[in-house]
Amino acid sequence: MTSTGAKGETTTTRPRRSRADKATAIVQAACEVFGRDGYSRASIDTIATEAGASTRTIYNHFPGGKEELFRSVMQWSSERVRDEQLAQLRRYLDPERPPHPDDLERDLLVLARAWVGLMADFRDHFSLVRHIYAEAGHIPPEVLEAWQEAGPRAVGREVTAAMAALADRGLIDVHGDPAQATVHFMALISTEITQRSYWGLSPLPQEEADRLTAAGVRAFLRAYGSAG
């Protein structure tokens, strides 16, 4: 935005950020700081510096201080990852359009690789999650609960519905427990990659990551493949 001064000079003024814009900038900066330093070591002063804001501004937006800010960060970050996971689930394993039996392994593999790839796309989020598991005893229980409900549980419910739909069509046998099948699927496709890459901090070579996801999908189908 430009304006003309009293002597005819042209000056440039920056548009003011709205309150919502400021809050978003703080949350984004906090996500990076919490992902780097963890909950216990991160400070409001450091977050303020990263956000280009004063500590007073942060407390104006988040009166509850670090705990409230961390809860907001986890909510925001988890929802972004959740939305992408669910979009991929519906793209590759839509309960309303189940795959042909011959295509099930292929579709599960594409989904698994897409989900594992999110560790690179949302590096700050998965760094946060790594710190959550390491510092769970120092994070308020209500914050942990909010994170679970915003992200992992919401995704788990949708995957469970997809597993139940596959079972209803005879494509897999969940032994009467689609929720348990979901837990096993998620663990088999990602746990080893997550642990060996330290939640994406040190990514595995793509060929190795692909090998591990393929092995996980095959193991899942050996356990849950339809006998028919």
Side-chain angles (χ1 to χ4, degrees), residues 74 76-130 132-133 147-228:
M74 286 308 307
W76 170 77
S77 187
S78 295
E79 287 174 354
R80 292 171 68 224
V81 175
R82 175 201 68 200
D83 290 348
E84 185 59 31
Q85 286 179 312
L86 294 182
Q88 291 174 351
L89 176 67
R90 291 159 189 155
R91 184 178 307 132
Y92 301 122
L93 204 66
D94 187 343
E96 299 300 320
R97 296 190 301 277
H100 186 276
D102 295 340
D103 297 332
L104 179 59
E105 181 174 351
R106 178 203 64 191
D107 290 355
L108 289 174
L109 183 56
V110 172
L111 175 64
R113 287 177 174 167
W115 274 358
V116 167
L118 293 178
M119 280 193 286
D121 297 336
F122 295 93
R123 194 177 301 274
D124 285 344
H125 171 80
F126 288 98
S127 292
L128 274 173
V129 174
R130 176 170 56 89
I132 284 177
Y133 280 107
W147 160 58
Q148 283 287 330
E149 194 56 37
R153 285 184 196 147
V155 174
R157 286 190 290 268
E158 293 282 344
V159 179
T160 296
M163 291 294 172
L166 292 175
D168 288 345
R169 289 162 174 82
L171 296 174
I172 61 174
D173 180 0
V174 297
H175 313 294
D177 194 346
Q180 188 66 73
T182 293
V183 171
H184 287 163
F185 177 70
M186 303 286 274
L188 286 166
I189 66 170
S190 64
T191 297
E192 186 174 358
I193 295 173
T194 298
Q195 292 177 344
R196 287 176 55 185
S197 69
Y198 301 97
W199 293 95
L201 189 65
S202 180
L204 299 180
Q206 189 62 52
E207 182 178 348
E208 177 67 357
D210 288 347
R211 183 186 72 79
L212 292 172
T213 51
V217 169
R218 287 196 300 270
F220 175 79
L221 290 175
R222 282 196 296 272
Y224 288 99
S226 174

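Excluded from the calculations below are hydrogen atoms, water molecules and symmetry mates; all remaining heavy atoms, backbone and side chain alike, are included.
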Looking at Gln180, Met186, His184, which one forms a side chain to side chain contact (heavy atoms under 4.5 Å, CB included) with Thr182?
-> Met186
One should read off an interatomic distance between Leu204 CG and Gln195 CD, to the nearest 0.5 angstrom, of 11.5 Å
Nearest atoms (heavy-atom pairs only) where Phe220 meets Ala181 = CE1-O, 3.4 Å
Interatomic distance, CG@Leu109 vs CG@Leu104, rounded to 0.5 Å, equals 11.0 Å
Could you pull out the closest heavy-atom pair between Phe126 and Met119, with the gap in Å?
-> CD1-CA, 3.5 Å
Heavy atoms only: give me the nearest Met163-Val174 pair and the separation to one decimal.
-> O-CG1, 4.1 Å
Value rounded to 0.5 Å, distance of CD in Gln85 from CZ in Arg90 | 11.5 Å
Closest heavy-atom pair, Pro203 versus Ser197, reported as atoms and distance to 0.1 Å, is CA-CB, 4.2 Å
Closest non-hydrogen atoms of Gly200 and Arg123, given as atom of the first, atom of the second and distance, are O-NH1, 2.8 Å
May I ask you to decide if Val155's main-chain N or O and Arg82's side chain share a donor-acceptor pair within less than 3.5 Å?
-> no
Please state whether the rings of Tyr224 and His175 are parallel, tilted or perpendicular, taking 30° and 60° as the class boundaries.
-> tilted
State plainly whether the residues Arg157 and Glu149 are in salt-bridge range, i.e. N to O under 4.0 Å.
-> yes
Residues Val159 and Leu89: closest non-hydrogen pair is N-CD2, 4.0 Å
Take Leu212 and Val116, measure what side-chain contact (heavy atoms from CB on, under 4.5 Å) needs, and give me the verdict at the end.
-> CA-CA 10 Å; Leu212 292 172; Val116 167; over 6 Å; no
